[in-house]
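Notes for the one structure printed next.
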Amino acid sequence: MPVRFYNSMTRTVEEFTPVQKGTAAMYTCGPTVYNFLHIGNLRTFLFEDLLHRWLRYRGYNVRQVMNLTDIDDKTIRDSRAQGMPLSEFTEIYKKAFFEDLKALNVAPAEVYPSATGHIPEMIGIIRTLIEKGYAYSTDDGVYFKISAFDGYGKLAHLDKDSLRAGASGRVANDEYEKETVSDFALWKKWSPSDGDVKWQSPWGEGRPGWHIECSAMSMKYLGETLDIHSGGIDNMFPHHENEIAQSEAATGKQFARYWLHSAHLIVEGEKMAKSKGNFFTLRDLLAKGYSARSIRYLLYTTHYRKPLNFTFDGIKGADAALKRIDDFLFTLGNIKSEGAEDAEFVRMLTTQTEKFEAALDEDLNIAEGMGALFELIRAVNEGMERVTKGFADRVLKFFGKADSVLGFLNFGKADDLTDEEHKMISERSDAKKGKDFARADELRKVLLDRGIEVRDTPDGTVWKRI
RNA sequence: GGGGAUGUAGCCAAGUGGUAAGGCCGGGGCCUGCAAAGCCUUCACCGAGGGUUCGAUUCCCUCCAUCCCCUCCA
């Protein structure tokens, strides 16, 4: 089964065929390191993690690049407000970014380049663009001339002649000295508000525009034509549109073959905004006692192209769902009975495995994939007394493979009880045999207070850390 | 003003031109010394109104609501 993705460029689901067979070169827009990651960021990064992991599951040699934007208006503004050198300021959030990804069990990208480490590459592209007549220099910067690039607007499906400058109300119309309002900055000449943030360039001291870093770094690490470029839907325009214009104008080649965009999330049915008090960073949620694992699960319950409604009830539901899976895996891990495998079980495992894989192949339909997993869980639970160790191992192996994509399953921990605790469990079993239920229940209570749940099963008494 | 999406049970969420997966919560039952886990069972007129069709939640139109973008917000 081929992997298929919805390509924002063509607005259709297409079979994925990379430039180089067996390899997937993907560029994923990373964070601007001026703050901690919020759950909206997480959704996009987790979508990209799923994309990465699924391609790997399907045997692709994945090469993912995720940039760190450590130079832009916001990083300059906030570092100056803190009275801190830019690099010192961004270092704090770079470090936090990697900590957050680790907490969420995000598979690392192969390369995490920083914008400030690639200024010469950016200058190189800008120079080419000027030479080819796609860019011009003014008193305050170098701009890309969108009227010179025919395909401008092809990704966002916008007509370049009807773009309304400042329609969003966020930018003053007269901010820059551009030929036309839609032209965007490739290089910004130094101004006092930049403080000591500046680099030398053929156009004087200054700093790169926002979009050019992605063109420079993606081409450096992945070549002039990449397979997949992804990011949040809000980056489609102008950011990705501008990247296409710069890159294709400079190289004359197609920049990216597939464009994947994730939808935003809302919180309790409302747009997430600091002013509404429903703005949460991962750190906020962890501080409230929610687990990164539950958050990961929750953010994976909705297809990436649909708006996700993040709710606190949802996190609780995620906890409960994960516990169900945990218990299932735990029970399977304790199966001891030997015997021939049930052919019907094996067939069902195959069916659900295929269903899971087909769902993910079809534009990463993880909700449907999880449905297959839960159907398998129920069916196995239903006939648990007939499950042999051999079959249990097979199912566990499948879940292990599935978790190489999901990243939120829990296969239990190694035996880490103290001798005393082991003794209490066996003492309880003896008490039960002697019908001394009061003593047995007392011991169970003591163990529970230590976070150890004791369960009596047909295969004997088992315990579980909770 | 222009462009793009979404609206399925208390909550989250798949999906299909032939009457709707899955998860969470709730009710009832079984199992268990008691639990835990599990199982069974129950819980939807698919935003509203038209249209096309033998038949629409699924296609078309209108409306309503929410979200995203229209130069630097994932």
Side-chain angles (χ1 to χ4, degrees), chain A residues 8 11 28-32 37-48 69 72-74 153 156-159 162-171 173 175-176 178 181-185 209-211 230-239 241-242 261-266 269-273 297-298 301-303 305-311 313-325 327-328 330-331 355 359 365-375 377-378 380-385 432 435 437-438 440-441 444-445 448 453-457 462 464 466:
Chain A
S8 301
R11 313 266 161 132
T28 48
C29 281
T32 297
L37 295 186
H38 64 249
I39 52 179
N41 297 314
L42 301 184
R43 190 196 189 187
T44 296
F45 296 142
L46 284 174
F47 144 64
E48 287 160 347
T69 299
D72 81 320
D73 293 352
K74 295 187 293 289
H157 293 211
L158 293 174
D159 176 4
S162 61
L163 292 174
R164 281 175 53 177
S168 65
R170 294 200 305 245
V171 175
N173 291 351
E175 191 176 353
Y176 303 122
K178 303 182 276 194
V181 286
S182 335
D183 286 354
F184 58 90
W210 174 39
H211 316 293
S230 67
I233 185 81
D234 58 306
N235 272 162
M236 190 155 88
F237 192 89
H239 186 51
E241 194 70 57
N242 290 169
H261 292 100
S262 58
H264 278 202
L265 60 69
I266 54 179
E270 290 197 302
K271 178 180 179 169
M272 179 170 75
Y297 177 91
L298 177 60
T301 53
T302 305
H303 183 85
R305 279 192 290 114
K306 286 185 81 172
L308 182 155
N309 187 13
F310 185 96
T311 67
D313 269 356
I315 303 187
K316 289 190 197 107
D319 269 334
L322 281 171
K323 183 173 183 302
R324 177 168 159 84
I325 304 173
D327 279 327
F328 173 72
F330 171 77
T331 303
K355 221 166 138 186
N365 192 340
I366 193 167
E368 194 176 357
M370 286 305 296
L373 256 38
F374 278 111
E375 278 180 43
I377 289 173
R378 189 178 39 70
V380 174
N381 270 331
E382 198 182 333
M384 192 61 86
E385 72 286 344
K432 262 173 51 108
K435 303 278 184 203
F437 296 121
D441 289 348
R444 181 165 62 195
K445 175 75 168 57
L448 191 60
E453 185 179 286
V454 179
R455 294 182 184 177
D456 300 320
T457 76
V462 297
K464 180 178 184 242
I466 53 172

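Predicted model, so just to flag it, every value in this text is computed and none were measured. Letters A, B, ... mirror the listed sequences (proteins, then strands); counts begin at 1.
Looking at heavy-atom distances under 4.0 Å, A/L37 makes no contact with the nucleic acid at all. Looking at heavy-atom distances under 4.0 Å, A/N309 makes contact with sugar-phosphate atoms alone, never a base. If you check every strand for non-hydrogen atoms under 4.0 Å, A/G40 touches a base. Residue contacts shown for A/T301 are limited to sugar-phosphate atoms, with no base heavy atom under 4.0 Å away. Residue A/H303 is in sugar-phosphate contact alone, with no base atom involved, counting any heavy-atom pair closer than 4.0 Å across all strands shown. Here A/H239 lies out of heavy-atom contact (under 4.0 Å) with every strand.
Contact annotation: A/N381 does not reach the phosphate of B/rG38 (side-chain N/O to OP1 or OP2, under 4.0 Å). Neither OP1 nor OP2 of B/rC73 sits under 4.0 Å from any side-chain N or O of A/N235.
Remark: ring of A/H157 not stacked against base of B/rG3; the cut-offs of centroid gap under 5.5 Å and plane tilt under 30° are not jointly satisfied.
Comparing B/rA48 with B/rA56, their P atoms are spaced 15 Å from each other, to the whole Å. Annotation: B/rU6 and B/rC46 have their C1' atoms spaced 14 Å apart (nearest Å). Between B/rG38 and B/rC45, the two C1' atoms lie 34 Å apart (nearest whole Å). Comparing B/rU41 with B/rG4, their P atoms are spaced 46 Å from each other, to the whole Å. Of the C1' atoms belonging to B/rG22 and B/rU8, the separation is 13 Å, rounded to the nearest Å. Taking atom P on both B/rC11 and B/rG47, the two are 13 Å apart, rounded to the nearest angstrom. Rounded to a whole angstrom, the distance from the P atom of B/rC24 to that of B/rU19 is 27 Å. A gap of 12 Å separates the P atoms of B/rC60 and B/rG17, to the nearest Å.
Residue A/D234 places its side chain closer to B/rC69 than to any other of B/rC11, B/rC69, B/rA37. Listed candidates were B/rC68, B/rC12, B/rC73. Nearest to the side chain of A/T302 is B/rC12. Side-chain proximity of A/P238 to the nucleotides B/rC70, B/rA74, B/rC68 is greatest for B/rC70. In the set B/rC68, B/rA74, B/rC40, B/rC68 carries the atom at the smallest distance from any side-chain atom of A/K271. For A/K323, the side-chain atoms get nearest to B/rA37 when compared with the rest of B/rC12, B/rA37, B/rC69.
Contact of the A/L308 side chain with the A/I266 side chain is not registered, since no non-hydrogen atoms from C-beta on lie closer than 4.5 Å. For the pair A/E375 and A/M370, the minimum side-chain heavy-atom distance is 4.5 Å or more. At a threshold of 4.5 Å between non-hydrogen side-chain atoms, the residues A/S262 and A/E48 do not count as touching.
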Give every pair of a protein N or O atom and an N or O atom of nucleotides 16-23 of chain B that lie under 3.5 Å apart, one pair per line with the distance.
residue: B/rA21; atom: O2'; partner: A/E375; partner atom: OE2; Å: 2.7
residue: B/rA21; atom: N1; partner: A/A367; partner atom: O; Å: 3.4

Enumerate all atom pairs, one protein N or O and one N or O from nucleotides 28-34 of chain B, separated by less than 3.5 Å.
residue: B/rG33; atom: N1; partner: A/D441; partner atom: OD1; Å: 3.0
residue: B/rG33; atom: N2; partner: A/D441; partner atom: OD2; Å: 2.5
residue: B/rC34; atom: O2; partner: A/R444; partner atom: NH2; Å: 2.4
residue: B/rC34; atom: N3; partner: A/R444; partner atom: NH1; Å: 3.1
residue: B/rC34; atom: N3; partner: A/R444; partner atom: NH2; Å: 3.3
residue: B/rC34; atom: N4; partner: A/D456; partner atom: OD2; Å: 3.1

Reading nucleotides 5-10 of chain B from the 5' end, what letters show protein touch, with B for base, S for backbone sugar-phosphate only, - for no heavy atom under 4.0 Å? -SS---
Check against salt bridge (Lys or Arg N to Asp or Glu O under 4.0 Å), A/D327 and A/K323: CA-CA 6 Å; A/D327 279 327; A/K323 183 173 183 302; 2.9 Å; yes
Hey, mind stepping through A/H264 and A/D234 against side chain to side chain donor-acceptor pair (under 3.5 Å) and telling me if it holds? CA-CA 8 Å; A/H264 278 202; A/D234 58 306; 3.0 Å; yes
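For A/K271, the side-chain hydrogen bond (donor to acceptor under 3.5 Å, both in side chains) criterion is met by no residue, not counting sequence neighbours. Residues meeting the side-chain hydrogen bond (donor to acceptor under 3.5 Å, both in side chains) test with A/E382, sequence neighbours left out: none. Under the rule for a side-chain hydrogen bond (donor to acceptor under 3.5 Å, both in side chains), A/R43 has no partner lying at least two apart in sequence or in another chain.
The main-chain N or O of A/A359 is never found under 3.5 Å from a side-chain atom of A/E368 such that the two would form a donor-acceptor pair.
Across all strands shown, the partner of B/rG1 is B/rC70, judged by Watson-Crick or G-U wobble contacts whose two distances both fall under 3.5 Å.
In this structure, a donor-acceptor pair under 3.5 Å is absent between the side chains of A/T28 and A/S230.
Rounding to the nearest 0.5 Å places CZ of A/R444 at 11.5 Å from CZ of A/R455.
Each of A/E270 and A/E453 was assigned the nucleotide of RNA chain B with the nearest heavy atom; the assignment lying further toward the 5' end belongs to A/E453. Comparing A/G269 and A/I377 by the nucleotide of RNA chain B whose heavy atom lies nearest to each, the residue mapping closer to the 5' end is A/I377.
Taking a cutoff of 4.0 Å between a charged side-chain nitrogen and a carboxylate oxygen, A/K316 and A/D319 do not qualify as a salt bridge.
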